[in-house]
Every structure is written in C-alpha cells, then in structure tokens.
*Asks:* 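Take this structure first; my questions come after.
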Amino acid sequence: MPEPLPLVCVEDFRRRAAALLLPEVFDYFAGAAGDESSLEHQRASLNRMRICPRVLRTTGLCDLGVEVLGATWSMPLLISPTAFQRMAHPEGEAAMARAAAAEGVPMVLSMCSGITVEEAAGAYGEHGPGLWFQLYIQEDRGFTQAIVERAEAAGCRALVLTVDSPVLGLKERNARNRFVLPEGLVLANFCEATPGGTLSERAFTLVKLGWEDVEWLRARTSLPLLLKGILHPEDAAEALARGADGIFVSNHGGRQLGGVMASIDAVAPVVEIVDGRVPVLMDGGIQRGEDILRALAGGASAVGLGRPPLWGLAVAGEIGVREILTLLREDLARVLALCGCANPQDVSARLIRIVAS
Ligand SMILES: Cc1cc2nc3c(=O)[nH]c(=O)nc-3n(C[C@H](O)[C@H](O)[C@H](O)COP(=O)(O)O)c2cc1C
C-alpha cells in the first residue's frame with residue numbers, strides 16, 4: 001500500500017473526509033439548499049477579489065493576534081456553529097472545543113450539539129478566548145431563557161443568535177438520500193432523546209420571530225449578543241438599534257436559501273452601515289489565507305469556519321481540527337507577509353481589485 005499523500009489544504013481534508021464518512025453523512029455536511037449554486041457563488045465572489053500586494057514594507061514576521069469583544073484571539077478566526085458534530089467523529093464537539101482552545105480561538109457551540117453546553121465548556125477549559133453559545137429562540141420562551149442562563153453559568157463568553165432560519169432550508173441531497181440522523185444521536189441541550197434514539201427537529205422549528213424577540217433576549221442576558229445570518233445592511237442597522245454587540249454576516253453556508261448572495265459580498269455594505277460601532281464577523285467559503293485577507297479587507301474583524309473543521313474532525317478528531325487551524329494560521333501569516341502587512345490590522349480595501357468573473 002502506498003503511503004497516503006499529506007493533507008496540505010482544506011480541500012485535501014474535504015476529499016479525505018469524503019472517503020472516510022458514510023456518503024449520506026458526508027452529503028449532510030457538504031450539502032446546501034436548492035440547486036446548491038450558492039456554494040460556487042461563494043467561491044467565485046472570493047476569487048473575484050484579486051489581491052494587489054504592497055512590497056518592501058515588512059520583515060515578514062506577522063503577529064496574527066486580534067482583539068474582539070474584549071478578548072485576545074491568536075488569529076482572526078473562529079469556529080462557526082455546526083450541528084451534530086458527533087456524526088463526523090465520536091468525540092464530536094468535545095474534540096472541537098479542545099482543539100479551538102489549544103489554538104487560541106473561540107468556538108461557537110451549536111445549540112444542536114451532541115453534548116451539553118456544560119460539557120462543551122468543560123472540554124474548552126479556562127484557556128483561550130472562550131466558548132460562545134449559538135441559540136435558536138424557541139417557541140417555549142421559558143426553555144429559551146433557561147438555556148441562556150445555563151450557557152452563562154457554564155462560562156460562555158458570548159451569545160450568537162441565528163436569525164436566518166425561520167424555517168429549515170430544503171437540502172435535496174438529504175431528501176434524495178432519505179437521510180435520517182443516526183440512532184443514539186441526541187440533542188443534548190434539549191435532553192430530548194426520543195424513544196428508539198431518533199431525534200426530533202424541534203430545535204429548528206421556529207415560529208413568529210421578530211425584532212422584538214431580539215429585544216426580549218437582549219433584556220435577559222448580560223453576555224455580548226451577536227446576530228448571525230445578516231446579509232442586508234438595513235438588517236445590520238436594525239440589529240444595532242435593538243442592542244446587538246456584533247454582526248455575524250453569514251448565508252449559513254448556503255444551507256438555508258438557494259440562490260442566496262455570497263456572504264463575502266455582504267461584508268463591505270454591512271461594515272459601512274455599522275461604521276465601527278461593533279465588530280463584524282463573517283463566514284462562508286473560507287478555505288485559505290487569501291480568503292481571510294479578503295474578508296479583512298472588506299472590513300470584517302474575523303472570519304468563521306463551518307465545514308473545514310468538520311473535515312478535520314472527520315479525518316483525525318481533535319488533531320485533525322488543530323491541523324486545519326494550523327494550516328490556515330500559517331497560510332494567513334504567509335499571505336500577510338506577501339502583501340506587506342505586519343498584522344491583520346494592516347489589511348485594507350486598497351489591497352483588493354474586484355475583477356469581472
Ligand atoms: C453541517 C452544518 C451544520 C450547521 N449547523 C448550524 C447551526 O446549528 N447553527 C448555525 O447558526 N449555523 C449552522 N451552520 C452554518 C455555519 O455556522 C456557517 O454559517 C457555515 O457553515 C459557513 O460556511 P462554510 O461551511 O463554507 O465555512 C451549519 C453548517 C453546516 C455545514
């Protein structure tokens with residue numbers, strides 16, 4: 001047997017994960033809504049941002065650290081919330097949390113995790129910029145309030161309210177595969193393993209949510225509150241008016257609305273309207289140091305990764321996630337140096353030329 005080739009980029013990990021996971025599980029992670037064209041658009045929009053580097057300006061040694069919401073991150077990157085990580089690896093969210101903490105970046109725990117928020121906080125530990133908690137407001141506001149209080153008590157450092165999911169997007173791959181979540185997987189935060197081990201999709205069934213619900217939540221937590229799933233600048237303005245402490249620009253990895261715009265294209269207009277009042281984060285399609293630079297050039301404070309750490313998790317658990325984070329760290333340092341930037345704060349829109357596709 002020839003030795004397997006080394007995995008040197010996110011795409012290598014994705015291919016290896018595809019070979020290791022059950023096809024329907026890989027499709028669950030990889031898939032998007034509708035005709036899935038948003039995945040290509042996401043990449044095409046990033047690639048249209050050509051980089052125009054500066055020369056003879058740095059020693060080549062970059063400090064990647066950033067300050068976001070009062071915490072120091074080792075680089076401008078965080079783990080975006082993804083549900084059901086134990087389908088990628090038996091240690092799921094616990095391995096993800098350990099890897100994020102070890103690499104000095106926050107992890108956003110999905111409300112739909114296979115371990116409880118308390119367990120994830122234990123796995124993340126005391127070091128690193130912290131565990132954040134992602135929330136879908138539930139019709140049962142008593143339950144919603146209780147889970148927010150649990151996240152606070154567990155030591156979560158921020159709350160991420162996902163606002164782009166009034167209904168669940170249609171993923172044709174899952175329908176074609178007749179995909180059902182594996183037996184035994186539980187929505188641990190809901191303490192709701194139904195008999196036989198199957199799982200209800202209660203967490204996603206959102207009804208009648210409006211801006212007043214953001215105010216409702218704002219009044220019930222002292223944690224920094226970020227709204228995730230914002231694309232329209234007017235929604236960003238509304239979010240600030242309702243007390244948000246950060247905007248998370250995201251199209252949910254293309255998994256909600258088919259034909260949705262690329263998140264990267266939404267960054268600059270949102271940044272303009274936010275005008276420095278709160279940090280703007282973004283996720284969607286980030287695979288390389290160049291992509292992180294493009295998002296920073298648009299004015300984002302940091303980027304999130306959804307699928308890439310899942311591929312790392314599938315390939316080698318905690319070590320695989322750390323490899324993904326390490327390769328992006330090294331890539332970003334190299335890209336910044338090649339652009340004449342000493343740190344992420346040096347990146348500006350002047351480094352980018354938008355070209356026709
Ligand atoms: C398998 C999977 C599950 C996800 N689950 C959640 C979730 O529970 N809550 C949420 O706010 N976003 C969820 N997302 C969206 C991610 O947080 C993120 O916005 C998206 O994956 C970013 O795009 P990328 O995968 O290209 O990095 C999920 C994405 C994937 C791929």
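First listed ligand is number 1; within each ligand, the first listed atom is number 1.
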*Asks:* Are any side-chain N or O atoms of His252 and backbone N or O atoms of Gly254, one a donor and one an acceptor, separated by less than 3.5 Å?
*Replies:*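 Absent.
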*Asks:* Would you mind running through ligand 1 and noting each atom that sits below 4.0 Å from a heavy atom of Gln134?
*Replies:*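 Those of ligand 1 that fall under 4.0 Å from Gln134 are 7 (C), 8 (O), 9 (N), 10 (C), 11 (O).
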*Asks:* Within 45° of the six-membered ring axis of Tyr28 and under 6.0 Å from that ring's centre, is NZ or CZ of Arg178 located there?
*Replies:*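 Judged by the rule (NZ or CZ under 6.0 Å from the ring centre, within 45° of its axis), Arg178 is not positioned above Tyr28.
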*Asks:* If you count the atoms of ligand 1 from 1 in the order shown, which ones are under 4.0 Å from a heavy atom of Ser110?
*Replies:*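 Atoms satisfying the 4.0 Å criterion: 7 (C), 8 (O).
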*Asks:* For ligand 1, which is the ligand I care about here, please tell me if Ile286 has any N or O atom under 3.5 Å from one of the ligand's N or O atoms.
*Replies:*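 Not met; the criterion fails.
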*Asks:* Are Arg307 and Thr82 close enough that a side-chain donor and a side-chain acceptor fall under 3.5 Å?
*Replies:*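 Checked: Arg307/Thr82 side chains show no N/O donor-acceptor pair below 3.5 Å.
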*Asks:* Is there a polar contact between ligand 1 and Gly285, counting only N or O atoms under 3.5 Å apart?
*Replies:*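 Gly285 vs ligand 1: N/O contact under 3.5 Å present.
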*Asks:* With heavy-atom distances below 4.0 Å as the criterion, list the atoms of ligand 1 near Gly306.
*Replies:*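 Within the 4.0 Å cut-off of Gly306, ligand 1 contributes 21 (O), 24 (P), 25 (O), 27 (O).
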*Asks:* Given Thr82, Val163, Leu39, Asn251, identify the one with the heavy atom nearest to atom 4 (C) of ligand 1.
*Replies:*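 Nearest heavy atom to atom 4 (C) of ligand 1 lies in Thr82.
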*Asks:* Stepwise, does the side chain to side chain contact (heavy atoms under 4.5 Å, CB included) test hold for Asn251 with Gln256?
*Replies:* CA-CA 7 Å; Asn251 67 12; Gln256 284 295 98; over 6 Å; no
*Asks:* Looking at non-hydrogen atoms alone, which of Gly253, Pro81, Ala88, Cys112 comes nearest to atom 14 (N) of ligand 1?
*Replies:*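 Looking at heavy atoms only, the winner is Pro81.
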*Asks:* Examine Gly304 against ligand 1 and note whether any of their N/O atoms are separated by less than 3.5 Å.
*Replies:*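 No.
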*Asks:* State whether the shortest distance between N or O atoms of Gln42 and N or O atoms of ligand 1 falls below 3.5 angstrom.
*Replies:*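 There is no such contact.
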*Asks:* May I ask you to decide whether Asp291 forms a salt bridge with Arg294, counting only side-chain N to carboxylate O separations under 4.0 Å?
*Replies:*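 Looking at Arg294 together with Asp291, the answer is yes, because their closest N to O distance falls below 4.0 Å.
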*Asks:* Near Phe29, which atoms of ligand 1 are under 4.0 Å from a heavy atom of that residue?
*Replies:*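 Atoms satisfying the 4.0 Å criterion: 1 (C), 31 (C).
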*Asks:* Determine, stepwise, if the pair Cys9 / Gln287 fulfils side chain to side chain contact (heavy atoms under 4.5 Å, CB included).
*Replies:* CA-CA 8 Å; Cys9 64; Gln287 294 188 0; over 6 Å; no
*Asks:* For the residue pair Ser113 and Glu93, confirm or rule out a side-chain donor-acceptor distance under 3.5 Å.
*Replies:*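 Per modelled atom types, Ser113 and Glu93 side chains form no pair under 3.5 Å.
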*Asks:* Show me which atoms of ligand 1 lie under 4.0 Å from any heavy atom of Thr162.
*Replies:*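 Contacts of ligand 1 toward Thr162, numbered from 1: 10 (C), 11 (O).
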*Asks:* Any chance the side chains of Asp63 and Asn343 put a donor and an acceptor closer than 3.5 Å?
*Replies:*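 The criterion, which ignores hydrogens and geometry beyond distance, is not satisfied for Asn343 and Asp63.
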*Asks:* Return yes when Gly284 approaches ligand 1 closer than 4.0 angstrom through a heavy atom, no otherwise.
*Replies:*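 Distance cut 4.0 Å: Gly284 passes for ligand 1.
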*Asks:* Between Arg255 and ligand 1, which residue portion shows a heavy-atom distance shorter than 4.0 Å: side chain, backbone, both, or neither?
*Replies:*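 The side chain, only.
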*Asks:* Under 4.0 Å, heavy atoms only, figure out whether ligand 1 is touched by the backbone of Met111, its side chain, both or neither.
*Replies:*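 It is neither; nothing of Met111 touches ligand 1.
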*Asks:* Numbering the atoms of ligand 1 from 1, which are under 4.0 Å from a heavy atom of Ser250?
*Replies:*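 Near Ser250, meaning under 4.0 Å from one of its heavy atoms, ligand 1 has 19 (O).
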*Asks:* Touching ligand 1 at all, Tyr136? Heavy atoms, strictly under 4.0 Å?
*Replies:*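 Tyr136 counts as a contact of ligand 1 under the 4.0 Å cut-off.
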*Asks:* Going through the checks in order, is the salt bridge (Lys or Arg N to Asp or Glu O under 4.0 Å) test met by Arg329 and Glu103?
*Replies:* CA-CA 9 Å; Arg329 182 194 306 285; Glu103 294 295 331; 2.9 Å; yes
*Asks:* Any side-chain donor-acceptor pair under 3.5 Å between Glu40 and Ser37?
*Replies:*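 No.
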